[in-house]
Amino acid sequence: MEKIKKGVRLENISKIYQDPKTGKDFYAVHDTSLTIEPGSFVTLLGPSGCGKTTTLRMIAGFESPDEGEIYLGDEPINELTPNKRDTAMVFQSYALLPHYNVFDNVAYGLKLRKVSKEEIHERVMSILKLVELEGMEGRMTNQLSGGQQQRVALARALVIEPSVLLFDEPLSNLDAKLRVSMRTEIRRIQQEVGITAIYVTHDQSEAMALSDNIIIMNKGVVAQMGTPQEIYYHPNSEFVADFIGEANFLKGKLIDFEGKSALDINGTPVVIERREGMENGKEYTIVLRPEAATLSENKGLPCKVVLSCFMGSYQNYHVMVGDTLVKLAENNPKNKRIFAVGENCFIDFEAGSVHVL
């Protein structure tokens, strides 16, 4: 696809709906500004009702923003209908035409655009090869598996050569194993074509596996935007930390301890990496990921084991630190000391392996 790559820019976008029960207006998306770089894969992630699907539908043109402007490249597109925008959507339901075969489903958008028969044949066969459906062009869509139907939907969106490909939870109808293989395929195809992709999901592992950047939304606003690593290791709030992966939260007061900064957690000083602006005597929260700590017989934060469960690749522990439940995953437990339920021990971790909120 020899064309200039385009990004997407949202400037102070808002969408207002009316609550059918109360009759009051509310913001589904509120004053949101985003820049999505050309050729990048960006995922909108968040719980139900956070505004991610509304944002995607506004980019596609199925909803109109009540405030703000959307740009595709440098072109404002608020006034353009969906078919006039240089975008294509892959839907959750696939939205295939059941009375058409695979070839005609993929060719549908090209026929609407009055492309010549020779070019249609060339482009459709090329895209079917890309999505690994060669030889299936004569099949009816109801003869295909869910994964194959998803590939047809993807091919139909790609064949019109849009600048931006939009995905609305496209894998939610597939079983767990197929979801994993299809997300790998989607990422491979996106990178091969070099297209800008915006993907909506509530599945955090999907977002981590696919994305260059993740945009976490909550209650109509962007909670945080960053690479999967930034979001996971440096969340800016408890909401973000809790939404991406498992997280434990431990609170303590900032003190000086043996020339280092530490949090006093239940009377035990825990050394941390101090960030700018932190003040002694104030309470802070650390985010401790389950895989970032180990249990020790003699050093760290005192705790009591309430669950010890062998999971093959890791030992799953639940421990109590005072009144706080902490979940730990001790990786590769073979030849390690396994702590039993009821034992008193310690949580040991390095200062750099926790994040201070």
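Just so you know, residue 1 is the first one in the sequence shown, and it goes up from there. Only this structure's heavy atoms are used, side chains among them; waters, hydrogens and symmetry mates stay out.
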Exercise. Give me the ring orientation class for H30 and Y27: parallel if the planes are under 30° apart, tilted from 30 to 60°, perpendicular past 60°.
Key: tilted
Above 12 or not: heavy atoms from other molecules or residues under 6.0 Å from [atom1] of [X]?
X	atom1	answer
D74	CG	no
F339	CZ	yes
F346	CZ	yes
K253	NZ	no
H318	NE2	yes
K260	NZ	no
Q18	CD	yes

[X] and [Y] ion-paired at < 4.0 Å:
X	Y	answer
E343	K304	no
D203	R183	no
D264	K251	no
E75	R9	no

Self-check item: Criterion side-chain hydrogen bond (donor to acceptor under 3.5 Å, both in side chains) against S211, the qualifying member of T43, T227, T201
Solution: T43
Would you call [X] and [Y] a side-chain contact if the rule is heavy atoms closer than 4.5 Å?
X	Y	result
I244	Y233	no
F41	Q190	yes
I120	F103	yes
R139	L144	yes
M125	H121	yes
T55	I13	no
S261	L254	yes

Donor-acceptor pair, distance only, cut-off 3.5 Å: does the side chain of [X] make one with the backbone of [Y]?
X	Y	answer
N248	L288	yes
E134	E132	no
T184	V180	yes
E67	S14	no
E119	S116	no

Taking all non-hydrogen atoms of both residues into account, name the closest pair between [X] and [Y] and its distance.
X	Y	answer
L178	G146	CD2-C, 4.5 Å
K6	T196	O-OG1, 2.7 Å
L171	M182	CD2-CB, 3.7 Å
G7	P38	N-CG, 3.5 Å
R156	L97	NH1-N, 4.5 Å
I231	R289	O-NH2, 4.3 Å

Just by distance, with hydrogens left out, do [X] and [Y] show a side-chain donor and acceptor under 3.5 Å apart?
X	Y	answer
N280	R274	yes
Q224	H234	no
Y199	E206	yes
E11	S33	no
Y284	E279	no
R151	Q148	no

Quiz prompt | Residue of the set I215, V222, T54, N12 for which side-chain contact (heavy atoms from CB on, under 4.5 Å) holds with T32 | solution = V222
Quiz item: Could you state the interatomic distance from CD1 (I186) to CG (L165), rounded to the nearest 0.5 Å?
Solution: 8.5 Å
Quiz item: Yes or no on side-chain hydrogen bond (donor to acceptor under 3.5 Å, both in side chains) for S172 and Q92, after CA distance, side-chain angles and deciding distance?
Solution: CA-CA 7 Å; S172 53; Q92 186 176 344; 3.0 Å; yes
Listing, residues 348-357 side-chain donor-acceptor contacts under 3.5 Å, not counting sequence neighbours, or none:
residue, atom, partner, partner atom, Å
S353, OG, E350, N, 3.4
S353, OG, E350, O, 2.7
H355, NE2, P235, O, 2.7

Quiz prompt | In one Ile/Leu/Val/Met/Phe/Trp/Tyr side-chain cluster, 4.5 Å: I214, M217 | solution = no
Quiz item: Passes side-chain contact (heavy atoms from CB on, under 4.5 Å), E169 versus F167? Steps please.
Solution: CA-CA 6 Å; E169 305 210 24; F167 294 91; over 6 Å; no
